[in-house]
Structures are given as C-alpha cells and as structure tokens.
Amino acid sequence: MKIIGLTGNIASGKSTVLRMLRERGAETLDADKVVHALFAPGTPVTQAIAATFGEDVLNADGSVNRKVLGARVFSDPDALRRLEAIVHPAVGRAIEEAIAEARRRPNPPPAFVIEAVKLVETGRYRLADSLWLVVADPEVQLQRLMNDRGLSREEALARLQAQPPLEEKRRLADVIIENNGSLEDLRRQVETAWQHLMQTPNKEGSTEQCDAFGTNTPT
C-alpha cells in the first residue's frame, strides 16, 4: 500500500484531486473532515478551544462554530498558532490510526491518501511514499473562495494571507499539480502521477512537474 501525502493551500483544488484518487481505488482521509469530527460537542478538542478562545466560539449545540473561530484566528497569527497547537496533535493521531487500520486489512487498498493543508508544517509528510502538491494562482484561489464558499473579498484575502508559504512544499514535493485550467487537464495530471507512483517500487528523490499535456518533467 502506497501512502500519498496530498497538500496545497486553501482553494487550490486538493479536494477535487482527492476525489479523483478515490475513483482510482485509493482510500482517502481528508484532514478537514477529521477536524469537523474533533469540533463536535463535548470532545477534548472542543473543550480546549472553548477554554482558550471563549464559549462564544461555540454553536448552541456545543460544537465549534468554524466561521466565528476562523474570523478570530485568521487575522491573528498568534491565535492561529494556539489553535494549531490544540488541533494538530489530535489530527495526527487520527491519521496514524487510520493508516494502521488500512494496513491491517487482508486486502489493503493500492494507496492511502492523506489530504491536509499543513502536512509539511506538521512533519507528517514523512509518513508518505510520495508527496503531492496542488497549486493554483492566487487570483484563481481568491475567486474560488468567493464563488464556492461565499466569502467576501476581505474574508477570502485574510484566509489566503494566513496560508503558509509554498517554497518548502515545492522543494519537498515529488509531484506538483498545476490547477489553473480545466477539469480535464487536472484529471490528466492526476492520472499520469498515479500511474507513475503505481509503477515505482520505492520513493524517488526527484521532484516532478505535471505539465498541461499530462507528462512528467523532472525539475
């Protein structure tokens, strides 16, 4: 079973790539969905967030109000760091448990995909046989946040500005997928990278760039 680490900043198209990998038989874990579960009423993470940021970041049912919390932390780097110190360890434990469970099966999937924005920053990219980075132009990301998530321009810009830089991710990535074009172009890049990984017995050190024609060009 190959482990794929899938990362990229907000609105780059990671979720679409994740869906395409699922279609190819991979088992997938979306770290954001793990966070949703951790933000449920009464969980240790929810309790720690309320203690740190106040009860007003909770919904009436006791779950975390992500919009209220996001508005508070995305404009305050120190607050964001405090939130990450609460959330990241719990997410990491959930990821490791899911991988271990998949490996124990009599017929494990061909690949297990971990999708997370902070995969590199938390060091969990080291769990992966291949690190995939999805990138998009900032203006494309901005429009996606406004059109798909209903954010104002100011809200969208705040989220983009809170994203970690891409330089280290580009350096570490085994595959870089450019997602500024059509869905078909994205599909070609994913298919090319998938076929290459399935034919590769061990992780290679070179970074690959999937170009618009669906080929891999070492960089």
Side-chain angles (χ1 to χ4, degrees), residues 5-18 29-95 114-125 131-173 177-180:
L6 179 63
T7 192
N9 283 350
I10 192 169
S12 61
K14 298 184 303 301
S15 296
T16 304
V17 172
L18 194 70
L29 187 149
D30 180 346
D32 195 53
K33 291 183 178 178
V34 174
V35 172
H36 272 283
L38 295 171
F39 281 7
T43 68
V45 167
T46 295
Q47 292 170 352
I49 287 172
T52 302
F53 298 100
E55 296 285 337
D56 58 325
V57 301
L58 302 183
N59 293 308
D61 66 355
S63 63
V64 175
N65 186 316
R66 291 176 63 123
K67 187 169 185 178
V68 172
L69 182 63
R72 187 166 302 177
V73 304
F74 283 121
S75 58
D76 183 343
D78 184 60
L80 183 59
R81 283 191 290 272
R82 293 201 305 273
L83 176 63
E84 290 173 343
I86 296 170
V87 175
H88 284 172
V91 172
R93 287 190 293 271
I95 290 172
I114 310 161
E115 188 251 298
V117 171
K118 295 291 185 75
L119 200 62
V120 169
E121 289 79 1
T122 60
R124 293 193 183 93
Y125 74 94
L131 177 63
W132 294 19
L133 172 64
V134 186
V135 298
D137 292 340
E139 187 58 34
V140 172
Q141 293 173 276
L142 181 65
Q143 291 303 315
R144 286 174 182 161
L145 287 172
M146 295 169 62
N147 297 336
D148 299 342
R149 307 193 189 187
L151 299 179
S152 69
R153 184 177 181 85
E154 292 72 24
E155 290 172 329
L157 285 171
R159 279 160 174 73
L160 288 176
Q161 290 164 1
Q163 297 295 293
L166 288 175
E167 286 77 9
E168 185 179 12
K169 293 177 181 177
R170 285 185 177 275
R171 180 178 62 81
L172 293 170
I177 296 176
E178 300 279 353
N179 186 24
N180 295 307

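A quick note: this is a predicted structure, and the numbers were derived from the prediction, not measured.
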| Do N9 side-chain atoms and P164 backbone N/O form a donor-acceptor pair below 3.5 Å? | yes
| request: For E84, enumerate each residue passing the side-chain hydrogen bond (donor to acceptor under 3.5 Å, both in side chains) test, keeping only those at least two apart in sequence or located in another chain. | output: K118
| query | At what distance, to the nearest 0.5 angstrom, does CG of D137 lie from CG of N180? | reply | 4.0 Å
| query | Looking at CZ of R124 and CG of L131, how far apart are the two atoms once the value is rounded to the nearest 0.5 Å? | reply | 14.0 Å
| field | Pairing residues for D32 by the side-chain hydrogen bond (donor to acceptor under 3.5 Å, both in side chains) criterion, not counting sequence neighbours | value | R66
| said: Test your reading of the model: is there a side-chain donor-acceptor pair from T7 to the backbone of L133, 3.5 Å cut-off? | reply: no
| CG of D76 to CG of L83: how many Å apart, nearest 0.5 Å? | 11.0 Å
| query | Of the non-hydrogen atoms in A94 and L29, which two are nearest, and what is the gap between them? | reply | O-CD1, 4.3 Å
| request: For residues I114 and Y125, determine if any side-chain heavy atom of one lies less than 4.5 Å from a side-chain heavy atom of the other. | output: no
| message | What verdict does the side-chain contact (heavy atoms from CB on, under 4.5 Å) test give for V64 and N59, after you've listed the backbone C-alpha separation in whole Å, the side-chain angles of each residue and the deciding distance to 0.1 Å? | response | CA-CA 6 Å; V64 175; N59 293 308; 6.0 Å; no
| I86 versus P89, closest heavy-atom pair with distance | O-CD, 3.8 Å
| Side-chain donor or acceptor of R72 paired with backbone N/O of F53 under 3.5 Å | yes
| In Å, rounded to the nearest 0.5 Å, how long is the span from CG of L69 to CG of D56? | 10.0 Å
| task | Determine yes or no for a side-chain-to-main-chain donor-acceptor pair under 3.5 angstrom, with T46 supplying the side chain and P41 the backbone. | result | no
| Any sub-3.5 Å donor-acceptor pair from E115's side-chain atoms to S15's backbone N or O? | no
| request: Could you pull out the closest heavy-atom pair between E121 and V117, with the gap in Å? | output: OE1-O, 3.7 Å
| remark: For L38 and V45 the tightest heavy-atom approach is O-CB, 3.6 Å
| task | State, to 0.1 Å, how close I10 and Q163 come at their nearest heavy-atom pair, and which atoms those are. | result | N-OE1, 3.0 Å
| Looking only at heavy atoms, what is the nearest atom pair of A162 and L80, with distance? | O-CD2, 4.2 Å
| Do any pairs count as a salt bridge (charged side-chain N to carboxylate O under 4.0 Å, His left out) and have a residue in residues 138-163, sequence neighbours left out, and if so which ones? | none
| message | Determine whether E167 and R170 satisfy the following criterion, salt bridge (charged side-chain N to carboxylate O under 4.0 Å, His left out), listing intermediate values before the conclusion. | response | CA-CA 5 Å; E167 286 77 9; R170 285 185 177 275; over 6 Å; no
| said: To the nearest 0.5 Å, what is the distance between CD on Q143 and CE on M146? | reply: 5.5 Å
| request: Verify, without hydrogens or angle tests, whether N179 (side chain) and V134 (backbone) share a donor-acceptor contact under 3.5 angstrom. | output: no
| What is the distance from atom CG of N65 to atom CD1 of I49, rounded to the nearest 0.5 Å? | 11.5 Å
